[in-house]
Amino acid sequence: MSWQERTKEKMLHLKLPTDPRWVGIAQMQIEDILVDHAYCEQKAASSCISLILRFHDLEQLVDTLTPIVAEEWGHFERVMEQLRKRNLKFKEPRKDEYVAKLNQFVKKGGNRKQQLTEVLLLNALIEARSCERFKLLSKQIQDQELQRFYYELMISEAGHYVTFIELAKHYQDESLVNQRWQEWLEYEAQVLKNMEIRGDRMH
Ligand SMILES: [Fe+2]
Ligand SMILES: [Fe+2]
């Protein structure tokens with residue numbers, strides 16, 4: 001059985017597991033990884049704020065995402081703490097090729113419900129992939145404090161992944177959500193397959 005098959009079951013329905021060489025490369029560039037990670041948390045918080053502003057009339061969405069903004073910002077603070085205690089520098093953000101590619105798959109137009117589904121699934125996917133990567137870091141990184149750190153974040157992002165999927169199903173027909181989710185998963189696998197493995201990026 002290949003490593004792809006072995007890990008498939010454990011990865012939140014993602015269609016392509018992360019290349020097993022990634023953790024090794026990433027831990028050699030831990031400053032870049034932590035900086036990139038900090039921006040991932042910032043973007044997660046910003047994205048929830050945008051959803052709240054855009055869909056302010058959807059009570060359940062607003063009430064569900066409001067505490068997640070605080071959680072994501074808490075993650076940002078914790079990543080910064082990890083940088084500081086290692087005397088590593090917070091640096092400028094770099095182009096997020098992965099998220100830019102995913103954004104291209106967001107269907108333009110459609111009614112508001114369809115637009116909401118798209119954004120929720122996009123967010124769910126980024127959470128799922130982050131969760132998979134955190135899991136790898138928690139199991140394989142040599143730094144024991146970072147092992148625990150990434151284990152805790154993995155649990156939290158898995159919860160967010162479920163939340164985004166549930167919200168999508170709350171506002172849109174379940175079978176439509178499931179169908180579109182499969183398309184997103186296929187697309188994400190292709191995106192990842194065509195990207196070079198980099199040790200300075202979380203994705
Ligand atoms: Fe987070
Ligand atoms: Fe998250």
Side-chain angles (χ1 to χ4, degrees), residues 10-14 18 22-23 26 30-55 58 60-85 88 90-91 93-94 96 98-103 105-106 116-139 141 143 145-171 177 181 184-185 188 191-192 200-203:
K10 308 169 203 158
M11 26 174 261
L12 311 139
H13 309 115
L14 294 167
T18 289
W22 175 74
V23 176
I30 198 63
E31 182 175 58
D32 289 331
I33 279 291
L34 287 170
V35 169
D36 192 60
H37 179 188
Y39 285 111
C40 290
E41 300 295 356
Q42 171 268 312
K43 281 177 273 188
S46 301
S47 169
C48 287
I49 293 172
S50 301
L51 272 161
I52 291 168
L53 299 179
R54 186 170 164 197
F55 297 97
L58 304 181
Q60 180 151 345
L61 178 138
V62 172
D63 291 350
T64 306
L65 294 186
T66 298
I68 296 186
V69 173
E71 266 178 52
E72 300 293 20
W73 199 249
H75 293 171
F76 175 85
E77 279 187 300
R78 292 183 63 188
V79 181
M80 292 300 276
E81 199 184 295
Q82 295 298 332
L83 270 170
R84 298 296 186 227
K85 65 160 59 159
L88 302 173
F90 187 47
K91 295 179 283 192
R94 272 163 305 179
D96 192 339
Y98 173 75
V99 172
K101 289 247 167 69
L102 292 186
N103 264 311
F105 196 63
V106 173
L116 174 64
T117 307
E118 288 297 292
V119 189
L120 290 174
L121 293 185
L122 167 67
N123 278 276
L125 199 44
I126 298 170
E127 293 285 358
R129 181 58 72 187
S130 303
C131 183
E132 188 236 7
R133 298 245 156 149
F134 292 172
K135 185 176 182 181
L136 290 174
L137 289 169
S138 76
K139 287 192 161 174
I141 206 165
D143 183 316
E145 188 183 1
L146 287 179
Q147 280 178 13
R148 286 189 297 275
F149 178 60
Y150 279 112
Y151 181 79
E152 284 173 35
L153 291 196
M154 170 194 82
I155 305 284
S156 175
E157 311 304 3
H160 297 162
Y161 153 73
V162 172
T163 300
F164 281 118
I165 297 280
E166 281 177 355
L167 270 178
K169 289 180 177 172
H170 178 77
Y171 289 108
V177 172
W181 178 238
W184 269 104
L185 288 170
E188 197 260 359
V191 166
L192 214 65
D200 60 347
R201 296 283 200 283
M202 194 50 91
H203 302 108

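For ligands, and for the atoms within them, numbers begin at 1 and follow the listed sequence.
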Criterion side-chain contact (heavy atoms from CB on, under 4.5 Å) on W184 and E118, from CA distance to verdict: CA-CA 9 Å; W184 269 104; E118 288 297 292; 3.6 Å; yes
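- Among the backbone and side-chain atoms of H75, an N/O/S atom is found under 2.8 Å from the Fe ion (ligand 1).
- Between Y150 and the choices E145, H37, K139, the side chain to side chain donor-acceptor pair (under 3.5 Å) rule is met once, by H37.
- For the side chain to side chain contact (heavy atoms under 4.5 Å, CB included) criterion with Y171, the lone passing option out of T117, V177, L116 is L116.
- The Fe ion (ligand 2) has E72 among its coordinating residues (N/O/S atom, backbone or side chain, under 2.8 Å).
- In E157, the N, O or S atom that comes nearest to the Fe ion (ligand 2) is OE1.
- Distances from the Fe ion (ligand 1) to each N, O or S atom of E41 single out OE1 as the nearest.
- For the side chain to side chain contact (heavy atoms under 4.5 Å, CB included) with Q60, the lone residue among T64, V62, L58, D63 that qualifies is T64.
- Among the backbone and side-chain atoms of H160, an N/O/S atom is found under 2.8 Å from the Fe ion (ligand 2).
- Closest non-hydrogen pair, C40 versus H203, comes out as SG-CE1, 3.8 Å.
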